[in-house]
Amino acid sequence: AFMKEMMGLTVLEEQLKDTLHVGKAIVVPGNSDNENWVKLEMGKACVSFLKSTIMKNQTVAVTGGTTMAAVAHAMVPFTASNQCLFVPARGGIGEKVENQANTIAAEMARKANGDYRLLYVPDPLSETSYQTMLNEPAINEILQLIRGSDVVLHGIGDALTMAKRRKTANEIIRQLVAKDAVSEAFGYYFNKAGDVVHKVRTIGIQLEDLHEAKSVIAVAGGRSKALAITSYFQQGKSDLFITDEAAAEQILRGR
Ligand code: BG6
């Protein structure tokens, strides 16, 4: 805490909390665009928060992404963690296996000595298969667990970076550009005003479910994500936002 005070990070945290309307903000030093250890520091901050807040028998839903992978990397067992259930927040949305929510949920559970349930749905999903899948009892059962999660852990990305990384069809990319998509989180794409302009059709958490969760934690850093983060929080709600110094400074500059 003393070091943070000295580095001015506490001031950034207070300013971010007011600017983004989040319950609490945690800022770690550095810029995760350039250095990977910074992502790991965000991951550690997230794990220490979970340690102090998670209660037994809670369900934790996680998204994919390299930042969430860093949270999984930093995961350790803690009181109650062996009685927690880790689930992916949404079905596959085009990520590489190491960045998929399923992989990350399983890894978190392994390190926390907790339990996990996975969701295997192909993507992209056509409207008809989507409806059929929803009626599969095995899928529906896990879907209920996911949508009723106590804790939601998610990343925030830059819209076009995410769309390209997911090998999104050119036609959709053109639509995202036309609709000025700026940010992305759990398969939803948002414009500068925070309105949803596109949504990947898959099973799992819906934006509305965030209001039901006891605790929503967003983790995203790097100067390159500043606009995306600002866009997401126009409508997005978080009890805790964990970021790095470079993103924090850039967000506050753009106020
Ligand atoms: C995705 C999440 O998998 O990762 C998104 O579903 C998030 O919520 C994205 O925007 C961020 O990825 P990264 O690699 O920048 O942490």
Side-chain angles (χ1 to χ4, degrees), residues 28 30-46 60-74 86-108 118-119 121 123-124 146 149 151-168 176 181-191 194 196-207 209-210 213 216-238 240-244 246-247 250:
V28 307
N31 179 3
S32 53
D33 282 340
N34 304 335
E35 280 140 325
N36 229 355
W37 60 263
V38 181
K39 260 184 203 169
L40 207 53
E41 285 306 310
M42 291 194 286
K44 285 184 195 158
C46 184
V60 183
V62 294
T63 66
T66 57
T67 313
M68 281 303 126
V71 177
H73 195 85
F86 293 84
V87 293
R90 299 192 81 200
I93 38 182
E95 294 270 22
K96 290 202 286 188
V97 75
E98 62 272 33
N99 293 338
Q100 279 173 17
N102 269 334
T103 313
I104 293 170
E107 162 94 350
M108 283 186 182
L118 303 180
L119 180 64
V121 286
D123 74 293
I146 293 174
S149 296
V151 179
V152 178
L153 280 181
H154 72 91
I156 302 169
D158 167 75
L160 293 182
T161 308
M162 289 310 298
K164 287 177 191 148
R165 192 165 99 187
R166 288 171 175 156
K167 313 256 183 309
T168 306
L176 290 172
V182 179
S183 61
E184 184 281 341
F186 37 85
Y188 284 77
Y189 289 83
F190 309 85
N191 64 15
V196 176
V197 294
H198 176 71
K199 177 177 162 186
V200 178
R201 194 192 292 112
T202 188
I203 291 171
I205 281 208
Q206 306 298 312
L207 207 48
D209 298 334
L210 294 189
V216 179
I217 304 172
V219 192
R223 184 171 290 125
S224 65
K225 281 191 186 179
L227 282 179
I229 293 166
T230 306
S231 142
Y232 174 75
F233 282 114
Q234 295 304 306
Q235 310 270 349
K237 102 159 211 197
S238 276
L240 171 64
F241 171 51
I242 302 174
T243 191
D244 61 25
Q250 191 68 22

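Quick caveat: nothing in here was measured; it's all calculated off a predicted structure. Values reported hereafter were calculated over all heavy atoms of this structure, with side chains retained and with hydrogens, waters and symmetry mates removed. Counting starts at 1 for both ligands and their atoms, following the listed order.
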Visitor: Between Asp209 and Gln206, is a side chain to side chain contact (heavy atoms under 4.5 Å, CB included) present by the stated rule, with each step listed?
Guide: CA-CA 5 Å; Asp209 298 334; Gln206 306 298 312; 3.8 Å; yes
Visitor: Please state whether Glu184 comes within less than 4.0 angstrom of ligand 1, counting heavy atoms only.
Guide: yes
Visitor: Considering the heavy atoms of Phe186, write down every atom of ligand 1 situated less than 4.0 Å from one of them.
Guide: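 So the answer, numbered in order with elements, is 5 (C), 6 (O), 8 (O).
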Visitor: Does an N or O from Gly187, backbone or side chain, lie closer than 3.5 Å to an N or O of ligand 1?
Guide: no
Visitor: So if I count the atoms of ligand 1 from 1 in the order they appear, which ones are less than 4.0 Å from some heavy atom of Gly157?
Guide: 7 (C), 10 (O)
Visitor: Kindly compute the distance separating CE (Met162) from CG (Leu176), expressed to the nearest 0.5 Å.
Guide: 11.5 Å
Visitor: So which of Val62, Ile242, Val71 actually passes side-chain contact (heavy atoms from CB on, under 4.5 Å) with Ile217?
Guide: Ile242
Visitor: Can you sort out which atoms of ligand 1 are near Thr63, meaning under 4.0 Å from one of its heavy atoms?
Guide: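 That gives atoms 2 (C), 6 (O), 8 (O) of ligand 1.
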Visitor: Any chance CG of Leu160 has more than 12 other-residue heavy atoms, nucleotides or ligands included, within less than 6.0 Å?
Guide: yes
Visitor: What are the two closest heavy atoms between Val182 and Ala228, and how far apart are they?
Guide: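 Between these two residues, the closest heavy atoms are O-CB, 3.8 Å.
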Visitor: I'd like to know if Met68 contacts ligand 1, where contact means a heavy-atom distance under 4.0 Å to any ligand atom.
Guide: no
Visitor: Does the ring center of His154 lie less than 6.0 Å from the ring center of Tyr232?
Guide: yes
Visitor: Using distance alone, determine whether His154 and ligand 1 share an N or O pair under 3.5 Å.
Guide: no
Visitor: Indicate, as side chain, backbone, both or neither, the part of Met162 found under 4.0 angstrom from ligand 1 when only non-hydrogen atoms are considered.
Guide: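 For Met162, the contact with ligand 1 is made by the side chain alone.
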Visitor: Mark the output for Met42 as yes if a heavy-atom distance to ligand 1 is under 4.0 Å, and as no if none is.
Guide: no
Visitor: Please work out, at 4.0 Å between heavy atoms, whether the side chain, the backbone, both, or neither of Ile156 comes within that distance of ligand 1.
Guide: backbone
Visitor: Quick check: are there more than 12 heavy atoms from other residues, nucleotides or ligands sitting under 6.0 Å from NZ of Lys237?
Guide: yes
Visitor: Which bit of Lys39 gets closer than 4.0 Å to ligand 1, counting heavy atoms only: side chain, backbone, both or neither?
Guide: neither
Visitor: Would Gly155 count as a polar contact of ligand 1, with the cut-off being nitrogen or oxygen pairs under 3.5 Å?
Guide: yes
Visitor: Under 4.0 Å between a Lys/Arg side-chain N and an Asp/Glu carboxylate O for Glu184 and Arg165?
Guide: no
Visitor: Near Lys225, which atoms of ligand 1 are under 4.0 Å from a heavy atom of that residue?
Guide: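 Counting from 1, the qualifying ligand atoms are 13 (P), 15 (O), 16 (O).
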Visitor: Below 3.5 Å, N or O to N or O, backbone or side chain included: is there any such pair between Gly64 and ligand 1?
Guide: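 Yes.
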Visitor: Could you give the distance from NZ (Lys167) to CD (Glu95), rounded to the nearest 0.5 Å?
Guide: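 Reported value, rounded in 0.5 Å steps: 9.5 Å.
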